[in-house]
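Notes follow the structure.
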2 protein chains.
Amino acid sequence: MTAQRSGCPINLTLETLGDRWSLIVIRDIMFGNRRHFRELHGASDEGIASNILADRLKRLVEADLLSRAEDPSHKQKAIYSLTEKAIQLVPLLVQMGAWGRRHLPVSREMSVRQELLEEGGPALWDAFMDELRTLHLGVPAKGPSVLARLRQAYEEALAEKG
Amino acid sequence: MTAQRSGCPINLTLETLGDRWSLIVIRDIMFGNRRHFRELHGASDEGIASNILADRLKRLVEADLLSRAEDPSHKQKAIYSLTEKAIQLVPLLVQMGAWGRRHLPVSREMSVRQELLEEGGPALWDAFMDELRTLHLGVPAKGPSVLARLRQAYEEALAEKG
DNA sequence: CCTATCTGCTTGCACTTTGCAACTGGTTGC
DNA sequence: GCAACCAGTTGCAAAGTGCAAGCAGATAGG
């Protein structure tokens with residue numbers, strides 16, 4: 001990434017997240033709960049290259065959007081978690097999804113989750129963020145799982161598709 | 001830009017807008033009301049190169065985010081306007097600004113406008129979008145100018161700064 | 001008229017980033 | 001001890017970015 005261009009909030013956000021992969025990685029960790037390198041590499045529909053994934057993970061950890069921990073069950077496994085800073089991207093990602101859903105040729109099964117999040121409004125986003133804090137920061141759970149609801153809607157849409 | 005990767009709304013939005021300059025151009029047209037090539041080239045704090053600006057304008061017109069019209073007062077002047085599709089990016093840009101303001105080293109004078117938009121909430125965003133429709137799509141005005149309010153706040157912050 | 005300036009770009013070139021495929025050194029389960 | 005798995009790395013070609021200079025046509029002033 002280039003050196004700092006200006007103190008404009010939109011520009012700075014773009015400097016941090018404005019490339020084709022950073023937010024895809026965050027999306028997969030956030031909505032797909034993928035926490036290991038191999039999961040992120042193999043499972044995303046977009047097929048990120050391993051060198052780019054490695055680079056993005058490194059940058060995101062440096063930018064304090066992800067944290068990296070070792071898995072006690074396996075000496076080579078790394079667990080990537082969202083930081084609070086990344087969890088606060090939820091409203092931004094929802095807006096991105098909302099705009100894409102309205103204006104771009106999205107597929108049904110990839111947008112049911114977005115639809116739920118849009119309909120739920122800020123209250124649902126907050127509940128989702130609390131759940132992410134439980135999952136990634138170890139904060140005790142507060143309410144029922146939003147992620148489970150999203151996953152269920154996605155799987156139903158997949159089943160309908162055939 | 002690469003060929004289509006997946007039907008995910010977030011991914012498609014990223015494919016359309018996920019580079020370092022597209023949203024900067026839209027921001028300058030939207031908040032700075034810059035409508036000509038030279039205005040966009042010279043005035044932004046980030047200093048976009050003219051070839052990249054030309055390329056982005058072309059892509060954005062092709063993506064139906066901008067429209068290009070000739071200026072009747074000057075046969076070589078082109079006027080760029082936001083389309084409805086681009087006007088609907090307002091909530092996304094506000095969220096980007098909000099996140100940047102909270103987590104990145106923004107400057108005061110570049111963030112007063114964002115602050116107003118955040119405080120105003122969805123009602124103010126709607127009023128702003130209506131004003132953009134008046135300015136860019138020729139829809140008759142509905143209410144008092146949000147852009148004027150934002151500009152005033154920015155100029156006050158600049159004056160305070162010295 | 002003639003010239004200086006302004007218009008939206010284009011060109012050439014160096015540099016950086018991306019994308020693909022194969023590969024690495026180490027770990028684990030059987 | 002061996003196959004499968006782990007998080008990456010390496011080499012290389014292609015694409016994208018950034019800078020400086022330049023361009024033809026249009027306009028404004030004298």
Side-chain angles (χ1 to χ4, degrees), chain A residues 1-6 11 14-26 28-29 32-63 66-81, chain B residues 1-6 11 14-26 28-29 32-63 66-81:
Chain A
M1 320 261 167
T2 327
Q4 186 158 329
R5 300 187 298 196
S6 89
N11 173 58
L14 236 28
E15 283 180 27
T16 310
L17 300 165
D19 73 277
R20 286 243 203 324
W21 292 110
S22 298
L23 281 176
I24 294 284
V25 172
I26 290 175
D28 284 348
I29 299 178
N33 201 35
R34 314 195 189 288
R35 310 293 292 272
H36 306 293
F37 189 96
R38 279 297 217 268
E39 281 177 348
L40 287 162
H41 182 218
S44 100
D45 285 335
E46 289 87 10
I48 188 171
S50 61
N51 54 348
I52 298 182
L53 175 58
D55 180 73
R56 287 306 177 278
L57 287 170
K58 208 177 79 183
R59 286 190 196 184
L60 289 171
V61 168
E62 279 167 9
L66 298 180
S67 66
R68 185 188 192 281
E70 307 206 336
D71 188 329
S73 77
H74 189 305
K75 286 194 178 169
Q76 268 182 326
K77 259 185 176 170
I79 303 181
Y80 290 95
S81 301
Chain B
M1 317 261 168
T2 326
Q4 183 158 331
R5 301 185 298 196
S6 89
N11 173 58
L14 236 29
E15 284 181 27
T16 309
L17 300 165
D19 73 276
R20 289 247 157 34
W21 291 111
S22 297
L23 280 176
I24 294 284
V25 171
I26 289 174
D28 284 347
I29 299 179
N33 201 34
R34 312 196 190 288
R35 309 293 291 272
H36 306 293
F37 189 96
R38 283 292 221 268
E39 279 178 349
L40 285 162
H41 182 216
S44 100
D45 285 335
E46 290 89 8
I48 188 171
S50 61
N51 53 349
I52 297 183
L53 175 57
D55 180 71
R56 288 305 177 280
L57 287 170
K58 209 177 76 182
R59 286 188 195 185
L60 290 171
V61 168
E62 278 167 9
L66 298 180
S67 66
R68 185 187 191 281
E70 307 206 336
D71 188 329
S73 78
H74 190 305
K75 288 195 178 170
Q76 270 184 326
K77 260 186 175 169
I79 303 180
Y80 290 95
S81 301

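Keep in mind that the numbers below use all heavy atoms, side chains included, and drop hydrogens, waters and symmetry copies. By convention in this document, chain letters (A, B, ...) are assigned in the order of the sequence lines, proteins followed by strands, and residues within each chain are numbered from 1.
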Protein-nucleotide distance ([X], atom [atom1]; [N], atom [atom2]), rounded to Å:
{"X": "B:Lys75", "N": "D:dA26", "atom1": "NZ", "atom2": "P", "value": "7 Å"}
{"X": "A:Ile79", "N": "D:dA7", "atom1": "CD1", "atom2": "C1'", "value": "13 Å"}
{"X": "A:Arg56", "N": "D:dT9", "atom1": "CZ", "atom2": "C1'", "value": "16 Å"}
{"X": "A:Tyr80", "N": "D:dA7", "atom1": "OH", "atom2": "P", "value": "8 Å"}
{"X": "A:Leu53", "N": "D:dA7", "atom1": "CG", "atom2": "P", "value": "10 Å"}
{"X": "B:Trp21", "N": "D:dG18", "atom1": "CH2", "atom2": "P", "value": "6 Å"}
{"X": "B:Lys77", "N": "C:dT5", "atom1": "NZ", "atom2": "C1'", "value": "13 Å"}
{"X": "B:Ile48", "N": "D:dG18", "atom1": "CD1", "atom2": "C1'", "value": "11 Å"}

Using the side-chain heavy atoms of [X], tell me which of these nucleotides is nearest: [options].
{"X": "B:Asn51", "options": "C:dC20, D:dA7, C:dT11", "value": "C:dT11"}
{"X": "A:Arg68", "options": "C:dT10, D:dA7, D:dT9", "value": "D:dA7"}
{"X": "A:His74", "options": "D:dG18, D:dA26, C:dT28", "value": "C:dT28"}

Worksheet item: Can you check whether B:Ser6's main-chain N or O pairs, donor with acceptor, with B:Asn11's side chain at less than 3.5 Å?
Response: yes

Worksheet item: Does A:Ala78 offer a backbone N or O that forms a donor-acceptor pair with the side chain of A:His36 under 3.5 Å?
Response: yes

Item to complete: Return the 5'-most residue of the pair A:Arg38, B:Arg35 with respect to DNA chain C, ranking by each residue's nearest nucleotide.
Response: B:Arg35

Fill in: Which residue lies more 5' along DNA chain C, comparing A:Ser50 with B:Glu39 via nearest heavy atoms
B:Glu39

Worksheet entry | base_contact_polar (C:dG26 base, A:Gln76 side chain, donor-acceptor, <3.5 Å) | yes

Item to complete: Answer with base, sugar-phosphate or nothing: what part of the nucleic acid does B:His41 contact at a heavy-atom distance below 4.0 Å?
Response: nothing

Worksheet item: Does the side chain of A:Arg68 pick up a donor-acceptor pair with the side chain of A:Tyr80 at under 3.5 Å?
Response: yes

Worksheet item: Hey, are A:Arg59 and A:Ser22 close enough side-chain-wise for a donor-acceptor pair under 3.5 Å?
Response: no

Discussion item. Taking the basic N atoms (NZ, or NE/NH1/NH2) and the acidic carboxylate oxygens, is any pair closer than 4.0 Å for B:Arg56 and B:Asp19?
Written reply: yes

